[in-house]
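Here the structure comes first, spelled out in C-alpha cells, and everything after it is commentary.
Below, chains carry the letters A, B, ... as their sequence lines are ordered, and counting in each starts from 1.
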Protein chains: 2
Amino acid sequence: MTERQAAEEPTTGLRERKKQRTRDALLRVALELFTTRGYEHTTVDEIADAVEVSQRTFFRYFASKEEVAFAVQEMVESRFVAELLTRPARERPFTAMRNAVLCSWSSIGEAIEAVVPVELHMRTYLMIESTPALLAAHLRRSTELEERTARIIADREGLDLDADPRPRIAVAAFTGVMRVTGRLWGQGEDTSMESIRALTELYLDHLEPALAADWRAPERTPGAPGAHGV
Amino acid sequence: MTERQAAEEPTTGLRERKKQRTRDALLRVALELFTTRGYEHTTVDEIADAVEVSQRTFFRYFASKEEVAFAVQEMVESRFVAELLTRPARERPFTAMRNAVLCSWSSIGEAIEAVVPVELHMRTYLMIESTPALLAAHLRRSTELEERTARIIADREGLDLDADPRPRIAVAAFTGVMRVTGRLWGQGEDTSMESIRALTELYLDHLEPALAADWRAPERTPGAPGAHGV
DNA sequence: ACGCTAATGTCAGCGACTGACAGTTGACAA
DNA sequence: TTGTCAACTGTCAGTCGCTGACATTAGCGT
C-alpha cells in the first residue's frame with residue numbers, strides 16, 4: 001500500500017509490476033473518464049470495467065472515488081514539502097515558500113509524466129476546481145498541507161507553533177494567494193505550466209504591498225498616515 | 001422553499017406553519033443527533049424517524065444530509081454580508097471586513113435562538129470542524145462567501161474585480177486568518193462567543209505587522225532593510 | 001511440484017439520494 | 001358545506017459509493 005520507490009531494483013518481481021500496472025491503468029483511465037464525461041457522471045464500475053478488474057479491486061487500490069482524482073496532486077504536494085525543507089535558512093519565511101513552489105514546479109514535469117501525461121493532469125486540475133465535491137476535498141487537503149507547512153516554517157525560524165501565531169498567519173496568507181492564483185489560472189485561456197508559474201510569481205510579489213498600501217492613493221505612499229493599514 | 005421571512009403576518013396559514021414546524025424539528029433533531037452520536041454515525045432515517053416523517057420528506061426540506069448541518073451557518077453568513085454592505089465608505093477594506101464580522105456577531109444571538117439553542121449551534125460548529133467531510137464542505141462554502149465578499153469590497157473601492165487583483169488578495173488573507181482563528185477557538189477550552197470574538201480581534205490586528213516585520217529582530221523594526229519583507 | 005500467501009473476484013448488504021406514482025390534506029371558490 | 005385544485009407526504013424501486021466475508025486464483029520460495 002505505502003511502497004514509495006525502490007529506486008534501484010527495476011525488476012521487483014512480477015507481482016509488484018502487475019500491481020503497479022493495474023494501479024497506473026486505473027489512475028489513467030479514471031482521470032481520462034473524469035475529464036471527458038465529468039466526475040459525477042463517471043461511475044466506479046465504469047472505471048473498473050475499462051481496466052477489466054472488479055469494482056472491489058478498484059477500492060483496494062484507492063480508498064475512494066475521490067482519492068484517485070487527487071493521486072497526482074499528492075505527488076506535487078510532497079514535492080513542494082521536500083523543496084521547502086531544503087531552502088537556505090537565510091531566506092525569510094514568505095520568500096522560502098515562494099521559492100519552494102516555483103522550484104518544485106521546475107522539476108515536477110518528468111515525475112508526473114512517468115504516470116500520466118502532464119496535459120491530462122492539467123485537465124484534471126481544472127476538473128477538480130470546477131467540481132463542487134472535489135473542490136471541497138481539495139480545500140481540505142490544502143489545509144492539511146498548510147498545517148505541515150506552518151510547522152516547517154516554525155521550525156525554520158525557531159518558533160513555537162503553539163505559542164506564536166505568526167507562522168500560521170503568514171502561511172494562511174500565502175496559501176490564500178496560491179488558491180486565488182490557481183482559480184484565476186483555471187478561468188483563463190492559457191493552461192500551460194508557464195502560465196500558472198508567471199501568475200503565481202506576480203501575485204505572491206503583490207501580497208505585501210497590497211496589504212500595506214492605501215488603495216485610494218494614486219500609487220505607493222510610503223509615508224502613509226493611518227497605522228492600521230488596509 | 002426559499003421563503004425568507006414574512007416578518008409581518010404571524011398567521012401565514014396552517015400549511016406554512018406546519019411546514020415551518022417540520023423544518024425546524026428536522027433541523028433541531030438533526031443537529032442534536034449529529035453533535036451527540038456524531039455526523040457519520042447518524043443516518044437520515046434516524047432523523048426522519050425521530051420527527052416521524054419519511055426519509056423522502058427529509059430530502060424535500062434539505063437537499064442533502066450535509067445541508068442540514070450548515071443551515072444555521074447559512075444565517076450567520078448572510079448576516080455578515082448584510083453588515084458589510086452597510087459599513088461606512090470611509091473605512092478601509094480590511095477594517096470594514098473586520099468590523100463587519102465583529103458587529104454581526106453582536107446581534108446574531110437572538111436570530112439563532114429563534115430556531116435552535118445557541119449552545120447547540122456552538123456544538124455544531126465544533127462538530128463541523130472535526131468532521132472531515134463537513135470541514136471540506138465548510139471550506140468550500142467559505143470560498144463562495146469569499147467571492148461575494150471580494151465583489152462587495154471591489155464595489156466599495158470602485159475597482160474592477162476582473163482587472164485588479166488586490167480585493168481578492170486582501171479578502172483571501174482576511175478569510176485565511178478567520179479560518180485559523182476558528183480552528184484555534186475549537187481547540188481551546190472556552191467555547192463562548194466572547195472567546196472567539198476576542199481571538200478574532202487579536203489575530204486580525206496581528207496580520208499586517210506579522211507580514212511586514214523581520215521575525216528575527218527582537219521586536220518591531222519599522223525601518224527594516226530588505227524591501228521584500230517576510 | 002508444492003505449500004504459503006498476497007491479490008483478486010463474488011456476493012450480500014448498508015446508507016445517501018432520486019424518480020415515479022399514489023394518497024392525504026390545506027386552500028379557496030361555488 | 002361541499003367540491004375541486006394544488007401542495008405536501010408516503011411508498012417503492014432503483015442507482016451509486018463503499019464495506020465485510022468468503023472463496024478463488026496466481027506469484028513466490030522451497
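Computed from coordinates, the A/Tyr61 OH to C/dG9 P distance equals 9 Å when rounded to whole Å. For the pair B/Gln20 CD and D/dC8 P, the computed distance is 12 Å after rounding to whole Å.
Taking only side-chain atoms of B/Gln55, from C-beta outward, the nucleotide of D/dC8, C/dT18, C/dG15 with the closest atom is C/dT18. Among the nucleotides C/dA16, C/dA6, C/dG9, the one closest to the side chain of B/Lys65 is C/dA16. Comparing C/dT25, C/dG9, C/dG15 against the side chain of B/Thr43 picks out C/dG15 as the nearest. If you check C/dT10, C/dC17, D/dT11 against the side chain of A/Ser54, the one that comes closest is C/dT10. Listed nucleotides: C/dA27, C/dA6, C/dT8. Nearest to the side chain of B/Arg15: C/dA27. Across D/dT19, D/dC22, C/dA16, the shortest atom-to-atom separation from the side chain of B/Val44 is found for C/dA16.
Here B/Lys18 reaches the OP1 or OP2 of C/dG26: one of its side-chain N or O atoms lies under 4.0 Å away.
With hydrogens and angles ignored, a donor-acceptor pair under 3.5 angstrom links the side chain of A/Arg56 to the base of D/dG20.
Defined by atom type and a distance below 3.5 Å, a donor-acceptor pair is missing between the side-chain atoms of B/Thr43 and B/Asp45.
Under the side chain to side chain contact (heavy atoms under 4.5 Å, CB included) rule, A/Thr35 has a single partner from A/Leu126, A/Ile128, A/Thr124, which is A/Thr124.
When the nearest nucleotides of DNA chain D are assigned to B/Phe58 and A/Ala63 by heavy-atom distance, the more 5′-ward of the two goes with B/Phe58.
Rounding to the nearest 0.5 angstrom, the gap separating the CZ atom in B/Arg168 from the CG atom in B/Leu159 is 12.0 Å.
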